[in-house]
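Here is the structure we will look at, set down as structure tokens.
All figures in this text were calculated on a predicted structure; none of them were measured in a lab. One-based numbering along the sequence shown. Worth knowing before you read on, the calculation uses all heavy atoms, side chains too, and leaves out hydrogens, waters and symmetry mates. In each ligand, atom 1 is the first atom listed, and ligand 1 is the first ligand listed.
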Amino acid sequence: MSVRTRFAPSPTGFLHVGSARTALYAWLFARKHGGQFVLRIEDTDKEREVEGSIGHLMESLKWLGIQWDESIDVGGPYEPYLQSARVASHQDYARRLIDAGYAYPDPYTPEEVDGFRKKAEEEKRPFLFRDHRPEQFEEWDGTKPLRFCVPVVKRYEWEDVVFGKLSAGEEALDDFILIKGDGYPTYNFAHVIDDIEMRITHVMRGQEFISSTPKFLSLYEALGETPPVFATLPPILGDAGTKKLSKRDGAKDILEYREEGYLPEAMCNFLAFLGWNPGGEKEIYTRNELIASFSLERIQRSGAQFNEDKLLFMNREHMRTLSDEAFIERGLLVAPDSEKLRKAVPLLRERTHTFGEAREMLKGELSCMWEAPTPQKDLLVAKEPAERANLTKQALESILGALEAAPDTLSADEAKALLMPIADAEEEKGKGGRGGVLWPTRYALSGLEKSPDPFTLISILGVPESSSRLRSALAIL
Ligand code: GLU
């Protein structure tokens with residue numbers, strides 16, 4: 001039997017880190033086993049639906065590279081993949097349960113049910129609908145909620161691939177609603193039917209579903225169906241071990257990471273490691289490497305800590321694997337001078353963790369690459385007493401002399417090898433020290449108090465333009 005997994009989001013908002021991880025694990029597992037990954041939209045809770053979220057969820061998954069094999073757009077053998085369009089099938093199964101005596105219409109008004117609940121509370125016992133199950137079942141005309149008639153009240157034990165043996169007692173079993181008064185199925189019912197119909201073999205989801213699992217199991221039993229394999233994923237904890245994720249640590253929209261200039265492959269790497277690891281030291285994995293090493297057995301049980309620094313680290317490592325051209329293209333990096341932009345890539349790789357930072361740097365510190373600087377005299381000589389301004393002049397003249405004898409292009413290392421001896425000589429003379437040379441050089445080249453070092457600037461600007469900037473600075477002095 002081929003592996004079939006699904007991601008079944010409800011369209012109630014954006015995709016955040018937790019649900020993206022669920023989708024990723026289901027996808028990795030299907031890919032690893034050459035199976036299919038299904039995207040099913042569970043839109044039967046019409047009150048909670050948020051407009052636009054289906055498109056947003058699909059865009060998020062596409063960005064991450066989590067490509068589905070079957071869904072509402074590409075179709076598939078078990079169409080439709082929009083849950084609200086499957087209501088006829090849910091109703092068929094409901095009829096089968098009614099015919100077998102496993103379902104009945106709720107004969108009470110909502111007020112009466114409320115009364116039962118209040119009374120149970122007063123008597124300090126759990127409210128169970130099955131205590132009020134009618135002796136005789138009415139005909140179901142579709143206007144009243146249809147309830148499951150739980151066949152046997154017993155303790156359920158089941159095997160979870162991640163958590164091992166799990167069990168829940170009778171308190172977890174009740175005559176829950178299958179189909180609501182509005183005709184739509186509940187989540188508890190609809191997802192079980194859809195998983196059966198879509199031949200889903202493995203279900204990955206969060207811990208919050210453990211307590212309802214006996215309900216699902218009793219339903220599978222009543223229908224004579226075999227349940228899928230369950231793999232419960234560990235919770236994701238915020239920084240400092242708090243239960244609740246804040247926006248800073250993963251409660252935000254996945255597409256915000258795209259805006260901030262994260263690479264989707266880095267995001268997948270990070271998400272995969274939130275609760276799973278392949279063992280060993282290696283941490284940077286491509287999507288294909290993740291697929292090859294993924295296994296349910298290596299998913300951890302304990303909570304996974306969301307660590308933003310780790311995400312930044314992984315993103316930078318993935319950025320580093322890109323060629324210069326890909327770095328510019330995928331980072332959406334633009335600058336007035338494409339040649340200088342290309343030369344700035346090594347610096348951007350070195351200094352930034354996201355393409356957002358790289359874009360900032362191009363507009364900030366590196367803006368001096370395409371805009372001629374207008375250095376201020378008092379800043380040019382800032383590193384030494386003003387009366388020694390002539391020393392700055394001498395220093396810049398030495399640097400200019402060295403550059404004029406150099407080829408048109410120098411790497412940062414070559415520029416350093418050329419200029420450091422001049423700076424060292426100044427230091428020996430005890431004038432302004434190394435800084436008395438390097439500071440004015442850097443400032444003359446950039447016109448900015450904060451900028452990359454002069455060697456890097458020369459490597460990007462090229463020798464002729466660097467020389468011309470030094471000449472302009474000398475004219476001011
Ligand atoms: N629609 C459910 C949710 O978004 C799916 C849960 C499940 O995977 O069964 O929570």
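- In summary, the aromatic rings of F313 and H353 are positioned with their centroids too far apart to meet the 6.0 Å limit.
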Give me the pairs of N or O atoms, one from ligand 1 and one from the protein, that sit under 3.5 Å apart.
from, atom 1, to, atom 2, distance (Å)
ligand 1, 1 (N), A8, O, 2.8
ligand 1, 1 (N), S10, OG, 2.9
ligand 1, 1 (N), E42, OE1, 2.6
ligand 1, 4 (O), S10, N, 3.4
ligand 1, 4 (O), S10, OG, 3.4
ligand 1, 8 (O), R6, NH1, 2.6
ligand 1, 9 (O), R6, NH1, 3.4
ligand 1, 9 (O), R6, NH2, 3.0
ligand 1, 9 (O), Y187, OH, 2.4
ligand 1, 9 (O), R205, NH1, 2.8

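- The distance between the ring centers of W276 and Y25 does not fall below 6.0 angstrom.
- The six-membered or imidazole ring of F216 lies away from that of F176, with a centre-to-centre distance of 6.0 Å or more.
- E365 has a carboxylate O that lies under 4.0 Å from a charged side-chain N of K450, or vice versa, which qualifies the two as a salt bridge.
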Would you tabulate the side-chain donor-acceptor contacts of residues 114-126 under 3.5 Å, counting partners in other chains and residues two or more places apart, or write 'none'?
from, atom 1, to, atom 2, distance (Å)
D114, OD1, R117, NH1, 3.3
K119, NZ, E123, OE2, 3.0
E123, OE1, R125, NE, 2.8
E123, OE1, R125, NH2, 3.0

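- In this structure, a donor-acceptor pair under 3.5 Å is absent between the side chains of Y78 and E70.
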